[in-house]
2 protein chains.
Amino acid sequence: MSKRANPEDRRRDLIEAAVRVLAERGAAGASVRTIAAAANVSPGLVTHHFGGVDRLVAASYDHVAAQVAAALEAAVAAAGSSPPARLGAFVAANFTAPIADPALLATWLALWSLARGDPAMLARHEHHYAGFRVRLEVLLAECGVAPARVRLAAIGVTALVDGLWLELCLSPDSFSADEARRIATAYLAGLRGGDSPLPSGERVG
Amino acid sequence: MSKRANPEDRRRDLIEAAVRVLAERGAAGASVRTIAAAANVSPGLVTHHFGGVDRLVAASYDHVAAQVAAALEAAVAAAGSSPPARLGAFVAANFTAPIADPALLATWLALWSLARGDPAMLARHEHHYAGFRVRLEVLLAECGVAPARVRLAAIGVTALVDGLWLELCLSPDSFSADEARRIATAYLAGLRGGDSPLPSGERVG
DNA sequence: GTGCTTGTTGCACGAACGTATAACAGGGTG
DNA sequence: CACCCTGTTATACGTTCGTGCAACAAGCAC
């Protein structure tokens, strides 16, 4: 069916096909045959290139996590050198394409449910989330948040962003991406200026 | 293997076994044979009582959602008549047993990933989440939050609580349930007194 | 062109899946 | 005790799963 291809190209094709299948048909539909069909190749290629479907799923996890991290970092870089602007961009990027995408949430949920019980996948997950939180702690510290408060602040921001991203992707009719950004930036303003009232322009609601 | 039982008792046994299997082995392990074995009955009973494994999973979703709603409502009722106390109890209950339970998160994730693509399950999910948000809006309004701000406030609180609950169950070593409660109550304080600074005792971090 | 390496295919195998069905057995009613 | 209703079991069937394997073929060294 398919012409001979560079091994790394083929691997990337299979990973992207796996992500697509995960998004469209959920964890239940992520069979070797389905993924191979989505990549227009024979089922045997999965075993040949990855040595099993589990390893392909793990590679897909890394692929998606790297894409998300890259999108966030690009937003920070594009925000210039002002620390508050960089922090705001990092947070707001979670509600913008390509991160605010129902297909991405679907893939993420499928990967999570597949990862349960697999120690290697669990370690991957811990590593990715720790990276997100550490990046957030650095951005918060650069904004002048006291070192003693940085840890809990990062936990709160991570939770709020995660929750907003999840609900935004799950039922986009409930609220808009812009409303999510306003909620999140109001929370950030409350963290930065803990002793002053929330600026009325950023007030929640 | 098992003695003759009341149909509703047997149905409840099967649902609880399904929830247990979902939590322990994820969506992949939720087969008719596994669930039946966990309930110490024959696989045929699932078809007999539910007419298929899909319908058993749907019933399990309703069961878990009802348990969560009941636990939240019990916390509200136990908090007395003070509106802020009732709101605080509703939020804090999410970080207390039986809701703050890794097994519950595992079940929830498995159900979510199984629900994708199934319109009936999706409708169930929308109904449950809408109920949570409406309940929160009532509690917020009773605390004096302006009607124009209630909607976004409820969205923010839902997101923060969801995110904290998720991370608390996923990696309990990152932070404690008490820290989650402090983050959430500080956010609530900021919502109630939008024009005054955050009370220092409830400050985040 | 010839031969070797290797990406690719098609198939076969065993296992596990969901479910339909027939036989068995418990428990209330006469 | 006999009878019927129905919860329960065991089995069987067709499908789909993951993967190992032998054969095919495309590209490259010579």
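Below, chain A is the first sequence line, B the second, and so on; all start at residue 1. We use all heavy atoms of the structure for the numbers below, so side chains are in, but hydrogens, waters and symmetry mates are not.
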Specify the separation, in whole Å, of atom [atom1] of [X] and atom [atom2] of [N].
{"X": "B:Leu45", "N": "D:dA10", "atom1": "CG", "atom2": "P", "answer": "11 Å"}
{"X": "A:Asp54", "N": "D:dC17", "atom1": "CG", "atom2": "P", "answer": "15 Å"}
{"X": "A:Phe50", "N": "D:dG18", "atom1": "CZ", "atom2": "P", "answer": "15 Å"}
{"X": "A:Leu114", "N": "D:dG18", "atom1": "CG", "atom2": "P", "answer": "11 Å"}
{"X": "B:Asn40", "N": "D:dT9", "atom1": "CG", "atom2": "C1'", "answer": "14 Å"}
{"X": "B:His48", "N": "D:dT6", "atom1": "NE2", "atom2": "C1'", "answer": "6 Å"}

Okay, side chain of [X], backbone of [Y]: is any donor-acceptor separation there less than 3.5 Å?
{"X": "B:Thr107", "Y": "B:Ala103", "answer": "yes"}
{"X": "B:Trp165", "Y": "B:Ile99", "answer": "yes"}
{"X": "A:Arg11", "Y": "A:His49", "answer": "yes"}

Pair listing, side-chain hydrogen bond (donor to acceptor under 3.5 Å, both in side chains) test, anchored in residues 70-96 of chain A, at least two apart | A:Glu73-A:Arg135, A:Thr96-A:Arg181

Side-chain N or O of B:Ser42 less than 4.0 angstrom from OP1 or OP2 on D:dA10?
-> no

Hey, does A:His49 reach any base, or is it just sugar-phosphate, or nothing, if we go heavy atoms under 4.0 Å?
-> sugar-phosphate

Touch class at under 4.0 angstrom, heavy-atom based, for B:Val53 against every strand present =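 The answer is sugar-phosphate, as B:Val53 gets under 4.0 Å only of primed atoms, P, OP1 or OP2.
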
What residues in residues 5-30 of chain B put a non-hydrogen atom under 4.0 Å from any atom of DNA chain D?
-> B:Ala5, B:Pro7, B:Arg10

All N/O contacts under 3.5 Å from nucleotides 12-14 of chain D to the protein, with atom names and distances to one decimal?
none

Partner set under ring pair (Phe, Tyr, Trp, His ring centres under 6.0 Å) for A:Phe132, not counting sequence neighbours =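 Scan of A:Phe132 (ring pair (Phe, Tyr, Trp, His ring centres under 6.0 Å), adjacent residues dropped) gives A:Phe90.
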
Hey, could you give me the [atom1]/[atom2] distance between [X] and [Y], rounded to the nearest 0.5 Å?
{"X": "B:Leu22", "Y": "B:Ser113", "atom1": "CG", "atom2": "OG", "value": "8.0 Å"}
{"X": "A:Ser174", "Y": "B:Arg151", "atom1": "OG", "atom2": "CZ", "value": "8.0 Å"}
{"X": "B:Thr158", "Y": "A:Leu164", "atom1": "OG1", "atom2": "CG", "value": "9.5 Å"}

Salt-bridge criterion met for A:Glu16 and A:Arg12 (N-O under 4.0 Å) =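 A salt bridge is present here (some side-chain N lies under 4.0 Å from a carboxylate O).
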
Nucleotides 21-30 of chain D: which of its N/O atoms have a protein N/O under 3.5 Å away?
{"unit_1": "D:dA26", "atom_1": "N3", "unit_2": "A:Arg4", "atom_2": "NH1", "d": "2.9"}

Please list, pair by pair, any protein nitrogen or oxygen found under 3.5 Å from a nitrogen or oxygen in nucleotides 1-3 of chain C.
none

